[in-house]
Amino acid sequence: MGLEKFIIEGGHRLKGEVSASGSKNSALPIIAATILAEGACSLGNVPRLRDVDVLAKIMQTLGVSVERDPLGRLNTKVINEDASTAPYELVSMMRASFCVIGPLLAKRGYAKVSLPGGCAFGDRPVDLHLKGLRALGAEIQIEHGYVIARAKKLRGANIYLGGNMGSSVLGTGNVMMAAALADGQTIIEHAACEPEVVDLANFLIAMGASIEGAGSHRIRIRGVRKLEGCSYDVIPDRIEAATLLMAAAMTKGEVIVKNIDPTHLEAVFDKFKEAEIGFNRNCKVVAVGQEGRPKEVEIATLPYPGFPTDLQAQMMSLMSIGQGASVFIDSIYPDRLNHVAELKRMGAKVLRVNNTCVIIGQNRLQAAPVMASDLRAGAALVIAALAAEGETHVRRIYHIDRGYENLEGKLRSLGAVIKRVPDDAPEAPPAV
Ligand code: EPU
């Protein structure tokens with residue numbers, strides 16, 4: 001399929017109700033965890049995304065069948081355990097696929113998984129994943145760009161998993177999955193506390209694992225002999241939900257987002273309050289009703305329960321039409337600021353020094369041709385375009401398709417004027 005782009009006519013207030021899909025960042029490790037199961041697994045609320053399709057291909061390469069049934073559930077079953085190599089061609093398309101290494105090692109005693117390499121916003125190492133697996137007794141070598149991990153039987157251990165940038169979400173997931181079948185008890189100190197880690201733990205527990213403390217910095221796992229298949233529903237996507245709420249605020253709209261767990265977004269609501277963005281929440285629903293321009297905010301991204309790095313770009317778009325000067329610091333990914341140059345092309349006033357940006361809120365943005373450089377940067381450009389004067393063309397939307405299920409359909413149902421069209425313009429090499 002050729003490249004596509006969005007054409008977005010700005011200036012339409014979003015109004016209506018929309019539902020968040022299942023969480024991408026929960027679904028991916030949970031799908032990987034089905035490698036551990038003796039029987040079939042049935043997963044509900046798995047979003048239809050490019051990243052899910054890529055992982056499904058990797059799983060098939062690893063001998064696991066993955067199929068959507070007519071009700072939309074994703075069914076998995078291990079067919080053969082002989083093929084335990086996740087190739088570069090697929091892993092390099094999506095870093096999250098590195099989370100197959102923990103379950104492969106625990107279940108099959110061997111895993112060969114390509115090192116994922118860097119991504120659009122930085123280096124993104126996997127040293128913490130490897131440190132954790134080594135502590136469980138795995139022998140690990142790196143050969144020709146692949147991590148080769150072996151262990152006859154993993155042994156429980158006490159593992160400190162904090163790194164220079166804080167905790168690691170998928171690192172915690174990998175070690176938790178591996179420890180679930182290890183001999184004895186594992187304690188992960190400085191574990192990541194994200195709701196997606198809790199969701200993975202709950203899935204493992206539904207398969208028969210013994211795990212306590214997920215959601216805190218200390219997780220205790222008592223290894224069990226085997227894990228069974230099970231049926232499980234993935235939590236709602238807090239990042240998608242908040243992106244839709246920010247889109248609503250951006251257009252001074254009135255939008256209700258359903259199928260959402262507001263307790264996963266406390267840091268975001270705290271900033272909404274500071275910015276005087278009108279919102280109402282109850283147990284599974286959040287409504288935004290925005291009138292004027294939001295007030296300025298100061299945001300430093302932090303591991304959960306701090307403000308998520310995955311919402312930094314979208315919130316920056318919103319503050320580009322705020323009333324004062326806002327400050328953004330990405331402490332988790334200091335280079336995750338590719339959207340800044342594109343937002344500037346739409347008239348945003350941003351001063352960037354290292355990982356810190358000062359945004360001077362403008363009255364309005366202007367449409368311009370812009371390019372998505374990664375998933376969340378792409379979402380930020382889409383919501384900026386919704387409020388810009390004129391018709392914005394957002395290119396390279398394959399990044400957006402990685403992590404937002406039917407974004408344009410959802411926005412259109414709220415009154416946005418957005419269409420997906422083939423992008424015939426030639427892909428120019430990067431300007432030097
Ligand atoms: N880090 C290390 N060593 C490691 C692993 C991570 O130094 O071995 C560093 C990273 O470089 C980063 C920090 O630790 O500075 C946190 O990275 P983390 O490992 O938590 O990220 P991840 O697990 O690879 C997940 C999400 C990301 C999200 C981050 C942070 C998935 C599939 N991905 O990645 O989501 O930004 O946690 O919350 O769960 C996205 O959805 O757009 C996305 C990038």
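We count ligands from 1, going down the list as the structure has it; atoms in each ligand are counted the same way. Count residues from 1 along the sequence.
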Colleague: Which one of Gln314, Gln312, Arg376 satisfies the side chain to side chain contact (heavy atoms under 4.5 Å, CB included) criterion with His339?
Modeller: Gln312

Colleague: Please output the residues near ligand 1 using a strict heavy-atom distance under 4.0 Å, listed in chain and residue-number order.
Modeller: Lys24, Asn25, Arg95, Ala96, Phe121, Arg124, Pro125, Val126, Asp127, Leu128, His129, Met165, Ser167, Ser168, Val169, Leu170, Thr309, Asp310, Ile332, Tyr333, Arg336, Leu375, Arg376

Colleague: Could you check whether Glu212 pairs with Arg222 (Lys NZ or Arg NE/NH1/NH2 to Asp/Glu carboxylate O, under 4.0 Å)?
Modeller: yes

Colleague: What do the steps show when you test Val370 against Arg395 for side chain to side chain contact (heavy atoms under 4.5 Å, CB included), and what is the final call?
Modeller: CA-CA 6 Å; Val370 289; Arg395 301 186 62 201; over 6 Å; no

Colleague: Taking only residues two or more places apart in sequence or in another chain, which ones pass side chain to side chain contact (heavy atoms under 4.5 Å, CB included) with Ser413?
Modeller: Val18

Colleague: With salt bridge (charged side-chain N to carboxylate O under 4.0 Å, His left out) as the criterion, how do Lys258 and Glu17 come out once you've worked through the C-alpha distance, each side chain's angles and the decisive distance to 0.1 Å?
Modeller: CA-CA 7 Å; Lys258 298 186 298 189; Glu17 286 186 14; 3.0 Å; yes

Colleague: Dump the intermediate steps for salt bridge (charged side-chain N to carboxylate O under 4.0 Å, His left out) on Glu38 and Lys107, then the final yes or no.
Modeller: CA-CA 10 Å; Glu38 297 295 332; Lys107 186 72 182 0; 3.8 Å; yes

